[in-house]
Protein chains: 2
Amino acid sequence: MADVIYMKVLQDLKHRIYSNEFPDKKLPDERSLSESYGVSRSSIKRALNILAAQGIIFKKRGSGTFVNPLYLKNQPIFHNEGSNLGVTDSYQIDGQAPSIKLLNFQVVPANEDLQQALFLSPGDFVYQIERLRILEDVPFMIETGFIPIKIIPELSLGDVEGSIFNYVEEKKKNAVTKSFMSVMAAPSTANDQALLALKPTEPVGIMEGIFFLDDGTPFEVSTMRLNYKYMRYNAFVSLDSE
Amino acid sequence: MADVIYMKVLQDLKHRIYSNEFPDKKLPDERSLSESYGVSRSSIKRALNILAAQGIIFKKRGSGTFVNPLYLKNQPIFHNEGSNLGVTDSYQIDGQAPSIKLLNFQVVPANEDLQQALFLSPGDFVYQIERLRILEDVPFMIETGFIPIKIIPELSLGDVEGSIFNYVEEKKKNAVTKSFMSVMAAPSTANDQALLALKPTEPVGIMEGIFFLDDGTPFEVSTMRLNYKYMRYNAFVSLDSE
DNA sequence: AAGTGGTCTAGACCACTTC
DNA sequence: AAGTGGTCTAGACCACTTC
């Protein structure tokens with residue numbers, strides 16, 4: 001992926017944006033970027049379109065391309081940087097991935113909700129995986145995931161202490177690239193408070209999702225409970241492509 | 001929008017998919033589509049990429065393009081009913097729009113953040129509009145919005161007691177069709193608790209956004225603080241188009 | 001070997017904004 | 001008039017899958 005031109009341009013531009021290289025929030029025009037990077041304008045546009053879809057920049061025809069001030073105002077936490085949608089890739093900070101503390105790992109029968117979400121039959125089993133995610137020594141997320149055992153029957157204790165999405169990508173050559181997400185807020189439970197070092201008045205952010213493999217197979221149902229300070233979900237919404 | 005080639009192709013393909021014209025779930029290859037539609041392969045790819053981003057199809061290099069069976073089976077989780085992205089259209093319940101209680105309406109100078117977000121110059125003014133949104137007698141959202149006065153200099157007290165986005169659509173023939181949203185959670189303030197009938201341990205969900213008119217003009221910066229029970233932000237995420 | 005999607009180019013023309 | 005992003009073309013070559 002890194003050998004692809006538009007990805008190189010994208011990474012470089014993102015770095016320059018975060019380095020505040022454009023204090024007036026205006027990027028060079030596409031034709032200048034094309035020349036300075038030595039690539040076609042199409043490749044520049046492709047990189048810019050992705051940055052726009054990620055909410056980092058926006059474009060105004062006739063005027064130029066601008067850094068989204070909302071995006072830089074606070075530190076964005078959840079950003080889809082990697083080759084898949086997993087927590088490990090999305091919560092990188094300065095290239096450092098969050099570490100994992102395994103809380104629970106077992107195989108259970110899929111209940112009705114899980115059967116429907118993961119296209120399973122009665123009697124099918126799923127892994128239940130509960131993990132605490134830690135970023136720079138701060139536990140910030142409790143993650144409970146359910147994965148059909150038939151998709152990765154060989155999953156071991158060691159595997160679930162690392163990135164499962166990366167594991168699947170490497171071993172199965174099938175990345176998790178799509179998801180339906182629901183983002184919510186809720187009061188913290190006693191368990192949340194203990195694990196995430198929250199006061200009783202401090203809430204959790206909740207991200208619930210169904211994750212799909214690239215071929216459309218539902219891979220995991222996951223509920224993530226976050227220290228509210230670490231949840232900032234950015235999205236670009238457009239009615240154009242309806 | 002309908003005069004754009006890739007949109008025409010997109011609409012037509014979507015219609016053909018829903019008409020079950022591809023019972024084997026396989027679409028013609030891109031070069032054939034290019035020929036049969038009489039457009040370039042790039043335009044075909046553009047339409048297909050959008051359909052893939054919407055979760056309707058998926059592509060497999062070397063194999064072809066396929067209808068996503070999951071999509072036809074499952075009802076889409078998130079559906080935007082209205083013609084714009086405003087609260088009035090998005091929070092309809094059984095066709096009933098939320099009502100509005102105006103808390104504050106004044107004209108103030110745009111601070112630096114607003115100048116940057118709304119393309120304003122020092123000395124430009126914005127409306128500051130604070131409103132309480134009420135659904136079936138329950139106040140659920142405190143909304144603070146900032147809109148440049150030069151976009152709608154004639155805005156009156158009566159107008160801000162209704163849907164501003166619908167007003168702009170009717171009067172200016174320019175709909176709010178794009179936005180960058182940030183979704184967060186936070187402890188409730190005393191003000192939140194009073195207006196939204198929350199206990200001190202109950203949080204708010206926060207949706208912060210810049211809303212754009214169809215031509216890309218930033219129209220409003222808005223911060224919405226919601227009773228957490230009423231915030232559920234749904235999104236379909238895909239790395240395909242990125 | 002043939003088929004199919006992915007990436008990329010160089011350039012044309014259009015639509016809108018700014019000067 | 002000049003600048004800037006949007007759309008589109010025709011074609012080249014690459015990577016992966018299927019036969």
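All chains are named by letter (A, B, ...) in the order of the sequence lines, taking the proteins before the strands, and each is independently numbered beginning at 1. FYI, side chains are in, hydrogens and waters are out, and symmetry mates aren't considered; it's all heavy atoms of this structure.
- Enclosure of atom CD in B/Glu21 by more than 12 non-hydrogen atoms of other residues, nucleotides or ligands within 6.0 angstrom is indicated.
- Here the nucleotide nearest the side chain of B/Lys59, chosen from D/dT7, C/dG6, D/dG5, is C/dG6.
- For C/dG5, its base sits under 3.5 Å from the side chain of B/Arg31 at one donor and acceptor pair at least.
- Within a 6.0 Å sphere centred on CD of B/Glu112, heavy atoms belonging to other residues, nucleotides or ligands number 12 at most.
- A straight line from NZ of A/Lys26 to C1' of C/dT18 spans 11 Å, rounded to a whole angstrom.
- B/Phe66 carries B/Lys26 over the face of its six-membered ring, with the cationic atom under 6.0 Å from the centre and within 45° of the normal.
- Listed by chain and residue number, B/Arg232 satisfy the salt bridge (charged side-chain N to carboxylate O under 4.0 Å, His left out) test with A/Glu208 (two or more places apart in sequence, or in another chain).
- Between B/Tyr6 and D/dT7 there is a side-chain polar atom (N or O) within less than 4.0 angstrom of OP1 or OP2.
- Ring-centre distance between B/Phe211 and B/Phe180: not below the 6.0 Å cut-off.
- Side-chain rings of A/Phe105 and A/Tyr127 approach one another, their centers coming within less than 6.0 Å.
- Distance B/Lys60 NZ to D/dT17 P: 8 Å, rounded to the nearest Å.
- Between B/Phe22 and B/Pro28 the shortest heavy-atom distance is CE2-CD, 3.7 Å.
- One can place CD1 of A/Ile57 at 11 Å from C1' of D/dG5, the figure rounded to the nearest angstrom.
- Side-chain proximity of A/Thr65 to D/dG5, C/dC8, D/dC8: nearest is D/dG5.
- In this structure, A/Lys45 does not reach the D/dG5 phosphate: none of its side-chain N or O atoms is under 4.0 Å from OP1 or OP2.
- Here the closest heavy-atom approach between residue A/Pro148 and residue A/Leu120 is recorded as CB-CD2, 3.9 Å.
- Residue A/Phe66 contributes atom CZ, which lies 12 Å from atom C1' of D/dG3 at whole-angstrom precision.
- Regarding B/Glu30, its CD atom lies at a distance of 16 Å from the P atom of D/dC16, rounded to whole Å.
- Under the side chain to side chain contact (heavy atoms under 4.5 Å, CB included) test applied with B/Ile57, the options B/Leu48, B/Leu13, B/Asn49, B/Ile50 reduce to a single match, B/Leu48.
- Atom CZ in B/Arg61 sits roughly 13 Å away from atom P in D/dC14 (whole-Å rounding).
- Ranking D/dC16, D/dG5, D/dC8 by closeness to the B/Ser43 side chain, first place goes to D/dC8.
- Within residues 33-42 of chain B, the residues approaching DNA chain D are B/Val39, B/Ser40, B/Arg41, B/Ser42, by heavy-atom distance under 4.0 Å.
- Here the shortest heavy-atom pairing between A/Val183 and A/Met231 reads CG1-CE, 3.6 Å.
- The distance between atom CD1 of A/Ile5 and atom C1' of C/dT7, rounded to the nearest whole Å, is 8 Å.
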Once pairs are restricted to Watson-Crick or G-U wobble with both distances under 3.5 Å, how does DNA chain C read as a dot-bracket string, [ ] for crossings and | for other-strand pairs? ||||||||||||||||||.
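- Summarising the geometry, the separation between CZ on B/Arg46 and P on D/dA10 is reported as 16 Å, rounded to the nearest angstrom.
- The shortest distance between the side-chain N/O atoms of A/Ser63 and the OP1/OP2 oxygens of C/dC16 is not below 4.0 Å.
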